[in-house]
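Report on one structure; see the data block that follows.
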Amino acid sequence: MAAASSSSYSVASSLSSLRFTSSRYLPSLTHYYLPSTPFPSLFSSPSPSRRSSYRPLTRRPTFSAKAASVDRKSVLIVNTNSGGHAVIGFYFAQQLLASGHDVTVLTVGDEGSDKMKKPPFTRFSELVSAGGKTLWGDPAKVAEIVSGVKFDVVFENNGKDLDTVKPVADWAKSSGVAQFLYISSAGIYKTSDEVPHVEGDLVKEDASHVGVEKYIAELSFSSFAIFRPQYMIGSGNNKDCEEWFFDRIVRDRPVPLPGSGMQLTNISHVRDLSSMLSLAVENSIAANGKIFNCVSDRAVTFNGLAKLCAKAADRELKLVHYDPKSVGVDARKAFPFRNMHFYAEPRAAKEVLGWTGTTNLPEDLKERFQEYVEIGRDKKDLKFDVDDKILESLKVEVTA
Amino acid sequence: MARLVAAQPKQASPWATPLAPSSLSEFHAAALDLSNIRKKRVWQKKGALRVAAGLSARKILIMGGTRFIGVFLSRILVKDGHQVTLFTRGKAPITQQLPGESDQDYADFKSKILHLKGDRKDFEFVKTSLAAEGFDVVYDINGREADEVKPILDALPKLEQFIYCSSAGVYLKSELLPHFETDAVDPKSRHKGKLETESSLDSRGVNWTSLRPVYIYGPLNYNPVEEWFFHRLKAGRPIPIPNSGIQITQLGHVKDLARAFVTVLGNPKASKQVYNISGSKYVTFDGLARACAKAAGFPEPEIVHYNPKEFDFGKKKAFPFRDQHFFASIEKAQRELGWTPEFGLVDGLADSYNLDFGRGTFRKAADFSTDDIILGKSFVLQT
């Protein structure tokens with residue numbers, strides 16, 4: 001990897017020394033601080049004796065203390081037009097607008113496309129009523145699309161690879177954007193016997209998000225931060241999460257879980273992600289150069305999630321466990337979550353931003369079920385072909 | 001750093017006079033790699049910070065102290081200049097030289113540590129002997145029931161702090177993890193005595209602090225946690241693990257726990273607080289087997305999963321961990337006390353192996369009878 005120029009390194013180290021005066025534990029920052037150079041140290045393997053222990057600061061650095069009044073910032077959100085992350089941009093935009101910031105959301109593609117007929121896009125009028133601007137287009141042409149508007153913050157919630165993100169990042173740098181925030185994925189962490197995934201842990205070097213993270217770090221924005229989310233629930237979600245469980249529970253169908261059902265995952269309410277992003281905007285110095293696991297601070301087992309969904313729906317739960325290989329199904333098609341422990345903790349956000357999580361699955365799922373029924377999804381005629389295949393091979397009767 | 005000192009109380013208080021920094025360097029003496037040396041340096045730095053808070057020599061009583069946690073805790077306290085008395089029945093030797101401990105350090109410790117011989121279940125004796133001595137601080141390391149605390153508190157009306165070794169076993173089993181200190185507790189758990197003790201302390205109005213460890217490990221462990229794996233690894237046997245093997249548990253090194261106990265001493269932030277104390281990361285059962293092998297230099301083990309319901313082990317325990325997810329967040333202690341564990345899992349297991357099992361010492365002899373039942377090498381005889 002080519003080393004960055006010595007001047008960018010000194011910017012990094014002078015920022016480091018600022019932090020050191022208020023930090024008790026010097027090593028902790030290197031666990032998740034992304035230096036401008038050299039790159040191999042960013043994500044390289046620690047020495048075999050290196051513990052992945054995490055040394056917290058006991059206090060937030062004073063210069064990151066919240067100002068009494070919020071500095072009005074101009075924020076551009078480049079948002080994906082589909083998938084689990086789509087809803088993040090929507091909540092973040094709402095929260096920024098409520099805080100008095102100027103927000104423009106650039107959604108990939110055409111305003112008239114079929115993809116725009118799904119939430120959260122169906123609720124974009126709410127952003128407009130709150131004073132936000134909504135645009136559509138190709139992010140590669142962002143300069144033309146936003147035609148000369150100056151932004152303080154760019155939130156990239158679209159690209160998974162460098163080809164997609166590079167044009168936006170390059171434009172942001174050249175147009176003087178002060179803070180660049182990127183939604184990556186907790187899926188890039190290397191699997192380990194030890195959990196949870198903690199900021200600074202090894203990532204899969206060939207994951208496309210990793211290339212993007214490194215590129216952004218190299219651009220030397222005044223402030224940049226990486227966010228690695230997992231699964232989300234919340235009104236306006238573009239991708240099914242809890243619905244998968246409700247679909248079965250409300251039709252009195254068994255809920256088939258791969259393996260033991262003890263697999264742990266993070267299911268966060270999207271408002272937690274939004275609040276974390278907002279704190280990063282308000283505390284851009286503290287957030288600079290950091291990786292944040294963008295998740296709630298509790299994990300739940302598949303069994304537990306099924307039970308909580310049944311409780312929220314006030315229905316009985318029929319749980320069935322199966323081995324995908326024996327049954328002959330692809331667990332990825334049969335079940336909405338990774339068939340393994342997939343569990344990250346938001347340690348950096350708590351430590352660096354003073355963030356606290358509010359996800360309360362038992363309560364949040366009740367609210368989700370209410371909406372599930374309100375939109376009439378409980379009455380929808382659905383097919384359960386893969387489920388039926390699983391249940392047949394297990395000789396489980398569907399008595400619905 | 002200056003900010004930290006200013007945060008501590010300045011008025012005349014027992015904690016006013018600074019002490020020489022303590023050092024745990026002896027225990028990291030069996031350094032096989034640089035990580036131990038790095039730990040040494042960091043510990044000294046931490047010791048210096050704690051001294052800045054201002055702590056004068058106290059007269060300290062440890063209930064227990066001759067078996068595991070207290071062995072390490074008492075050494076730090078003595079090195080820090082406190083007068084430390086161990087209250088035990090005297091069944092185990094009052095002091096023993098630890099592997100890696102220099103003759104000089106051991107002699108020094110041995111010359112300073114005091115012993116009060118008695119049975120803590122003899123409440124009258126506890127009350128009179130403690131009242132006669134008068135102690136500033138009590139560390140209750142081996143207490144199990146709430147009634148054991150009463151005679152201690154009755155004997156010491158001017159007690160400055162009661163520091164209790166509780167257990168994360170008090171938490172009500174949950175599908176939402178990790179356990180935080182604010183979580184629901186289980187009044188019916190096997191550890192309800194610990195819970196009742198915490199409540200009792202709180203209702204007495206004494207300045208108490210309670211630490212809740214998860215699974216403790218390290219040299220001299222009398223609970224066959226890592227030892228259970230080491231026996232099988234040494235014998236070249238497969239490791240039988242119940243059910244899926246993806247159950248998640250958490251180990252905390254005894255030296256880190258001892259440091260946590262010292263960190264709360266005289267710390268006003270710790271007043272009437274509970275803290276989860278364990279390792280920074282959690283591990284699956286399968287992963288723990290692999291970590292033990294890695295730490296001890298054995299090849300990766302063969303793991304055999306079984307359904308415990310299909311077997312009758314009689315009174316014997318086939319596996320040393322509760323068959324469920326069980327882990328707790330330590331962030332409260334990290335955030336509020338500035339304590340953080342120094343040992344990662346593999347380092348910590350290596351420390352335990354190198355100072356204990358690897359030297360040929362262990363508490364429980366190997367017993368593979370339940371393994372053989374599982375592996376089908378023997379069967380339950382019908383009579």
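Chain identifiers are assigned alphabetically (A, B, ...) following the order of the sequence lines, protein sequences preceding nucleic acid strands; residue numbering begins at 1 within each chain.
The part of B:Ile248 that comes within reach of chain A is its side chain, from C-beta onward, which places non-hydrogen atoms under 4.5 angstrom from that chain. Interface residue A:Glu345: only side-chain heavy atoms are found under 4.5 Å from chain B. Neither the backbone nor the side chain of B:Asp256 comes within contact range of chain A; no heavy atoms are under 4.5 Å apart. Contacts between A:Thr301 and chain B at a heavy-atom distance below 4.5 Å involve backbone atoms as well as side-chain atoms. A:Leu264 touches chain B through its side chain: at least one heavy atom from C-beta onward sits under 4.5 Å away, while N, CA, C and O do not. Both the backbone and the side chain of B:Phe180 have a heavy atom closer than 4.5 Å to some heavy atom of chain A. Residue B:Thr284 touches chain A through both its backbone and its side chain, counting heavy-atom pairs closer than 4.5 Å.
Ring orientation note: the planes of A:Tyr189 and A:His197 are close to parallel, at an angle under 30° on the 30°/60° scale. Between B:Tyr353 and B:Phe230, the ring planes are perpendicular. Angles over 60° get that label, and only those under 30° would be called parallel.
Between the side chains of B:Ser329 and B:Asn276, no donor-acceptor pair of N or O atoms lies under 3.5 Å. Donor-acceptor pairing under 3.5 Å is lacking for the side chains of A:Arg338 and A:Thr265. There is no side-chain donor-acceptor pair under 3.5 Å between B:Lys281 and B:Gln250.
A salt bridge between B:Glu336 and B:Lys269 is absent, with no side-chain N of the basic residue lying under 4.0 Å from a carboxylate O of the acidic one.
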